[in-house]
Amino acid sequence: MIKLKRRAFLAGSSAVLILPALPALAVDYKEAGLLKDKVASGALPPVKDRLPANPLVIKPVESVGKYGGDWKLALVGGGSLSMLFRYQAYEPLLRYTPDWSGVTLNVAEAFDGNPDSTVYTIRLRKGMKWSDGHPYTTADVKFWYDTVLTDKRVAVTSQGHWKTAGKPAKLEVVDEQTFKVIFEKPNGMFPLQVAWSNWDHTTRCPKHYLEQFHIDYNPKADELAKQRGFQSWIAAFQSASGFQDDNAFFLNSSKKPTLNAWYFTIAPGENTERAVAERNPYYWKVDTAGNQLPYMDRIVYQMVADPQVLLLKCMQGEIDLMDQYIATPNNKSVLYDARKQGDYDFYTLTSTEANVMNFIFNLNHNDETKRKLFRNKKFRAALSTALDRQTLIDAVLVGQGAPAQPSIKEGDPLYNDQLAKQFTEYSVDKANAMLDELVPKRDGQNFRLDEKGRRLTIIFEIDQARPIFLDLFQLVIPMFQAVGIDAQMRTMDRSLWETRVRQGRDFDATAHQFGANGGVAAMLDPRYYVPTDSNAMYAPAWQLWYLDPKNANAEEPPEDTKKLLTLYDKLKATSDQAGQREIMKQILQGAAETFYVFGISQPPDGYGIVKNNMKNITKTMPNSFGWPTPAPTMPEQFYKV
């Protein structure tokens, strides 16, 4: 039986789609016809030898499915590969429950914490295998720990949930299935963070494949790297492991073994028109009838240039399930009218994001003059005051929403009125008065001049695959120009945006969504309230200091930010829910006072489209990247009729 310990992590309160093992079916598991043929030819071992001793049992949402068919999806632009965690790559040790009420077991067969949340004992599934048939054991976890988490040469700066007091946890391998994670200080948030969409590396690091690229395991790794076009083994290992960023993880990855339900036979980057993932014959989950999952044979992704092309493909019935990029308020009526033509219907997405669009200024800009100005709270407050939010809501959001900053939704125990409502009153006069104190001089065209006498030009660099952002900025730019700011918009492919913005320091400003508007989600993803990871794009150097203070690109933040980071460390160390809530309230009050970012409106509930022949689809689900919609509803049990 699954044993969820409350002191260690939140257990799901709703009906969970995971059940105890099926010992009676241990010798009578069933498999897809394609795999039966391979077993008959000797190309594969029997299904009972491919499954672990204790496979994870999934109860289908509606009914036991049938094998076969392709799941037709799409990827937009060249830099949207993080979307793959939503569809086929969400297999952490623990996963979120379908209603996001907590976490439950997944790759891990057992996951227990001690009373003070300093030691977690984790047991893997005996006999579990990678997609190429090689065993998945604690040797893979130790390899990741030694070569990624703690290898300063490889220099991966994420994985903050594996650290307390700035130091990584100790890893103690007990046997081939069991390991312990030992923290110097309490880390009560660890289980909840393990389940975040793309944070758990321990299930994505096949030692037997990656060791060829690491010098400590292959003395000829440098030579191999140069043959592959890299300058050194470090660059080759970073590319092959892919933990630097999500795009790198998935690009050209068809040779990399996986634990996912489908593995790439044509990976992104290997074909310009499509990517194809086929069923994993060693997948370690079964349904209640003993059928090895997944039901569908393949996922086929069309590579599309922009959201407008994707919209047309959805209307024509070429896409089986989609919400990202197309589900804008303006598109809903268009998609509604095309339901019969496309043979699809809608599902509901409950909003979890902090705001419809967040304005993000680079507080660590390489330009000293801009950096000084952007860091001034009064400057950000002035531009927030210059926004006519109601006009933006009426024109672009079809009247859905109300003026609000990135914040917690009203009614949530964490709600902070100051954080939600400050500087949302539209007043050109007030905005001008605040700006006159900071940048009073203007040029002949009435644009303000910075302290060096340059026109104050602010370029917002925007991911071109975000149609709502593009529509909003058509109205936002004149609002900023009306108070003397030479605001401009520069759109770009997502991959360039990732390089320029998430990994850069020369950009002026950008806009993004996501974050969280309440509860546990806000504690796990506080990006707009305190800069804890690379999602805090307003403070790239400060978040780096938090994760790795010795990094050459890190910068010690000001005292008010350091105070919030200290509070967040305290939050992570607390396993008591009431204690977590009180600390988070302090963080949110600090965020109200620092006012890092500003926004337009908290988003209303959204929607997606799903073909009518798709079964076992959850009709209402959270909309989030952390809870990577729809992955926690278990796509492996989707099927077609």
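We count residues from 1, following the sequence as given.
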Contacts of Thr350 meeting side-chain contact (heavy atoms from CB on, under 4.5 Å) (sequence neighbours excluded), chain-then-number -> Asp605, Thr620, Pro622
Less than 3.5 Å apart, which donor and acceptor atoms pair up between the side chains of residues 310-318 and the rest of the protein, not counting sequence neighbours?
| unit_1 | atom_1 | unit_2 | atom_2 | d |
| --- | --- | --- | --- | --- |
| Lys313 | NZ | Gln302 | OE1 | 2.9 |
| Lys313 | NZ | Glu318 | OE1 | 3.2 |

Sorted by chain and number, sequence neighbours left out, ring-ring contact (aromatic ring centres under 6.0 Å, His included) with Trp162 holds for Trp144, Phe190
Inset, instruction - Determine, stepwise, if the pair Lys615 / Glu62 fulfils salt bridge (Lys or Arg N to Asp or Glu O under 4.0 Å). - result: CA-CA 7 Å; Lys615 300 301 177 183; Glu62 299 169 332; 5.5 Å; no
| query | Within the distance-only criterion (no hydrogens, no angle test), does the side chain of Arg125 pair as donor or acceptor with the backbone N or O of Asn106 below 3.5 angstrom? | reply | yes
- request: Using only heavy-atom distances, determine whether the side chains of Tyr528 and Asn358 contain a donor-acceptor pair under 3.5 Å.
  value: yes
Inset, instruction - Taking the side chain as every heavy atom from C-beta outward, state whether Val107 and Thr202 have any pair of such atoms under 4.5 Å apart. - result: no
task = Give a yes or no on this: more than 12 heavy atoms of other residues, nucleotides or ligands lie within 6.0 Å of atom NZ of Lys640.
result = yes
So salt bridge (charged side-chain N to carboxylate O under 4.0 Å, His left out) across residues 129-142, not counting sequence neighbours, yields Lys142-Asp146
Residue pairs passing the salt bridge (charged side-chain N to carboxylate O under 4.0 Å, His left out) test with at least one member in residues 201-214, sequence neighbours excluded, are none
Checklist entry - Under 6.0 Å between ring centres, would you say that holds for Tyr90 and Phe85? => result no
message: Please check this pair: side chain of Gln292 against backbone of Tyr283, looking for a donor-acceptor N/O pair closer than 3.5 Å.
response: yes
Taking every heavy atom of Asn280 against every heavy atom of Tyr263, the minimum-distance pair comes out as CA-CD2, 3.9 Å
Sequence neighbours excluded, the answer for side-chain contact (heavy atoms from CB on, under 4.5 Å) partners of Pro603 is Ser351, Glu353, Val356
Centre-to-centre under 6.0 Å for Phe243 and Phe249, is that the case here? yes
Residue pair Tyr282 / Thr258, side-chain heavy-atom distance below 4.5 Å: no
Check your understanding: If we only count heavy atoms from C-beta on, is the Asn291 to Val286 side-chain gap below 4.5 Å?
Key -> no
Quiz item: Is the Phe514 ring parallel, tilted or perpendicular to the His512 ring (thresholds 30°, 60°)?
Solution: perpendicular
Sequence neighbours excluded, the answer for side-chain contact (heavy atoms from CB on, under 4.5 Å) partners of Thr147 is Phe143, His214, Tyr217, Phe237
Residues at least two apart in sequence or cross-chain that pass salt bridge (charged side-chain N to carboxylate O under 4.0 Å, His left out) with Arg86, listed by chain then number, are none
Those residues at least two apart in sequence (or on a different chain) that pass side-chain contact (heavy atoms from CB on, under 4.5 Å) with Ala248 are Asp245
Exactly one of Tyr87, Trp71, Trp262 clears ring pair (Phe, Tyr, Trp, His ring centres under 6.0 Å) with Phe638, and that residue is Trp71
Output for pair (Trp199 CH2, His161 NE2), nearest 0.5 Å, gives 7.5 Å
Exercise for review: For the pair Tyr136 and Trp130, name the ring-plane relationship: parallel under 30°, tilted 30 to 60°, perpendicular over 60°.
Suggested key: perpendicular
Residues 288-297 vs salt bridge (charged side-chain N to carboxylate O under 4.0 Å, His left out), sequence neighbours excluded, gives Arg279-Asp297
Residues 518-527 vs side chain to side chain donor-acceptor pair (under 3.5 Å), sequence neighbours excluded, gives Asp525-Arg527
Practice problem: Evaluate the side-chain proximity of Met303 to Glu273: yes if any heavy-atom separation is below 4.5 Å, no if none is. | Solution: no
field: Ser254 side chain to Glu270 side chain, donor-acceptor N/O pair below 3.5 angstrom
entry: yes
Residues at least two apart in sequence or cross-chain that pass ring-ring contact (aromatic ring centres under 6.0 Å, His included) with Tyr295, listed by chain then number, are Tyr639
Any non-hydrogen side-chain atom of Arg502 less than 4.5 Å from a side-chain atom of Trp497? yes
Do Arg298 and Glu278 meet the salt-bridge criterion of a basic N to acidic O distance under 4.0 Å?
no
